[in-house]
Amino acid sequence: QVQLVESGGGLVQAGGSLRLSCAASGRTFSNYAMGWFRQAPGKEREFVATISGVSSNTYYAASVKARFTISRDNARNSVYLQMDSLKPEDTAVYYCAVGPSYSHNWSAYDYWGRGTQVTVSS
């Protein structure tokens, strides 16, 4: 059974940093895209960043570009999200996901983690 488990969330002040991790098990995903999405209370799920499986090409939402960095370690079947210069509007539950294509659309991903809470105070 495929499982994705996020970790690294927490409470930080504006301007601070967090590093999120997502470890996959049950299947090797070296040839799959991996991505991060987030959802704030009362809001729809929002694309954050994605990384391709073949060449590790990356793509970011405009709201996080230059502040967040996505990376992967295929030997550990994991994906990471380094978040710097955090803002209160970054507060959300962050989810990692895996899918066969490199996309900003949530429907392109087949497997999802349960999420980790990130809270940024003013």
Side-chain angles (χ1 to χ4, degrees):
Q1 183 179 22
V2 172
Q3 293 187 52
L4 304 178
V5 180
E6 301 97 335
S7 61
L11 173 64
V12 298
Q13 294 184 340
S17 297
L18 285 173
R19 181 176 172 86
L20 305 184
S21 299
C22 174
S25 62
R27 187 180 299 179
T28 299
F29 290 111
S30 59
N31 293 321
Y32 288 75
M34 304 184 80
W36 290 93
F37 291 76
R38 65 188 183 186
Q39 188 167 19
K43 302 287 187 178
E44 294 296 316
R45 182 166 33 191
E46 178 187 22
F47 168 75
V48 177
T50 189
I51 183 167
S52 69
V54 177
S55 300
S56 294
N57 296 315
T58 59
Y59 185 78
Y60 300 90
S63 59
V64 307
K65 191 173 297 182
R67 298 190 298 118
F68 291 10
T69 303
I70 188 171
S71 61
R72 66 191 297 160
D73 184 344
N74 287 335
R76 291 179 165 81
N77 219 26
S78 298
V79 63
Y80 309 95
L81 187 68
Q82 177 66 43
M83 305 185 294
D84 298 321
S85 301
L86 283 162
K87 304 174 180 179
E89 51 263 45
D90 295 319
T91 295
V93 176
Y94 284 69
Y95 301 90
C96 68
V98 178
S101 61
Y102 177 69
S103 178
H104 62 85
N105 194 324
W106 65 267
S107 66
Y109 297 86
D110 297 320
Y111 302 102
W112 294 82
R114 61 175 281 107
T116 186
Q117 177 71 47
V118 172
T119 303
V120 184
S121 62
S122 301

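Bear in mind the structure is a predicted one, so any value in this text is a computation, not a measurement.
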*Asks:* Show which side-chain atoms of residues 28-36 pair as donor or acceptor with protein atoms under 3.5 Å away, not counting sequence neighbours.
*Replies:*
none

*Asks:* Cluster question for you: counting only ILVMFWY and a side-chain heavy-atom cut-off of under 4.5 Å, with indirect links fine, are L18 and V48 together?
*Replies:*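 Both belong to a single hydrophobic cluster.
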
*Asks:* Between the main-chain N or O of N57 and the side-chain N or O of S52, is there a donor-acceptor pair closer than 3.5 Å?
*Replies:*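 Such a contact is found between S52 side chain and N57 backbone.
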
*Asks:* Do the side chains of M83 and V120 get nearer than 4.5 Å, heavy atoms only?
*Replies:*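 Side chain of V120 against side chain of M83, heavy atoms only: no contact under 4.5 Å found.
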
*Asks:* On a heavy-atom basis, which atom in R67 and which in L86 lie closest, and how many Å separate them?
*Replies:*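 Closest approach of R67 to L86: NH1-CA, 3.9 Å.
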
*Asks:* With sequence neighbours left out, what residues match Q82 under side chain to side chain donor-acceptor pair (under 3.5 Å)?
*Replies:*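 Here the qualifying residues are D84.
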
*Asks:* Evaluate the side chain to side chain contact (heavy atoms under 4.5 Å, CB included) criterion for residues R38 and L81: first the C-alpha distance (whole Å), next the side-chain angles of each, then the deciding distance (0.1 Å), finally the verdict.
*Replies:* CA-CA 12 Å; R38 65 188 183 186; L81 187 68; over 6 Å; no

*Asks:* Can you list every pair that meets disulfide bond (SG atoms under 2.5 Å apart) and has a residue in residues 39-113, with sequence neighbours left out?
*Replies:*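 Checked against disulfide bond (SG atoms under 2.5 Å apart) - neighbours excluded - the pairs reaching residues 39-113 are C22-C96.
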
*Asks:* Please round to the nearest 0.5 Å and tell me the distance separating atom CZ of R72 and atom OG1 of T58.
*Replies:*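 So the gap between those two atoms works out to 11.5 Å.
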
*Asks:* Taking only residues at least two apart or on different chains, which pairs with a member in residues 50-85 satisfy disulfide bond (SG atoms under 2.5 Å apart)?
*Replies:*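 Disulfide bond (SG atoms under 2.5 Å apart) check on residues 50-85 returns no pairs.
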
*Asks:* Please list all pairs meeting ring-ring contact (aromatic ring centres under 6.0 Å, His included) that have one or both residues in residues 69-110, counting only residues at least two apart or in different chains.
*Replies:*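 Residue pairs with at least one partner in residues 69-110: F37-Y109.
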
*Asks:* Who pairs with Y60 by ring-ring contact (aromatic ring centres under 6.0 Å, His included), at least two apart in sequence or on another chain?
*Replies:*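 With sequence neighbours excluded, Y60 shows a ring-ring contact (aromatic ring centres under 6.0 Å, His included) to no residue whatsoever.
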
*Asks:* Sub-3.5 Å donor-acceptor pair from the side chain of Q39 to the main-chain atoms of A92, do we have one?
*Replies:*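 Side chain of Q39 to backbone of A92: no pair is present.
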
*Asks:* Have N105 and S103 got a donor and an acceptor in their side chains that come within less than 3.5 Å?
*Replies:*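 Their side chains do not contain a donor-acceptor pair, so the 3.5 Å distance test is not met.
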
*Asks:* Answer yes if F47 and W112 sit in the same cluster of Ile, Leu, Val, Met, Phe, Trp and Tyr residues linked by side chain heavy atoms under 4.5 Å apart, and no otherwise.
*Replies:*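 The answer is yes; both residues are in one hydrophobic cluster.
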
*Asks:* If you define the side chain from C-beta out and look only at heavy atoms, does anything of S63 sit under 4.5 Å from E89?
*Replies:*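 Answer no - side chains too far apart.
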
*Asks:* Should the heavy atoms of other residues, nucleotides or ligands under 6.0 Å from CZ of R19 be counted, would the total exceed 12?
*Replies:*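 Yes - once you tally the heavy atoms of other residues, nucleotides and ligands closer than 6.0 Å, there are more than 12.
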
*Asks:* Could you grab the distance from atom CD of Q117 to atom OG1 of T91, nearest 0.5 Å is fine?
*Replies:*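 So the gap between those two atoms works out to 7.5 Å.
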
*Asks:* So which heavy atom on S71 is nearest to which on V79, and how close?
*Replies:*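 Minimum heavy-atom separation between S71 and V79: O-CG2, 3.2 Å.
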
*Asks:* Just do the side chain to side chain contact (heavy atoms under 4.5 Å, CB included) check on V118 and L20 with the steps written out, would you?
*Replies:* CA-CA 9 Å; V118 172; L20 305 184; 4.1 Å; yes

*Asks:* Mind checking whether I51 and V5 sit in one hydrophobic cluster, side chains of I, L, V, M, F, W, Y counted as touching below 4.5 Å?
*Replies:*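 In one cluster: no.
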
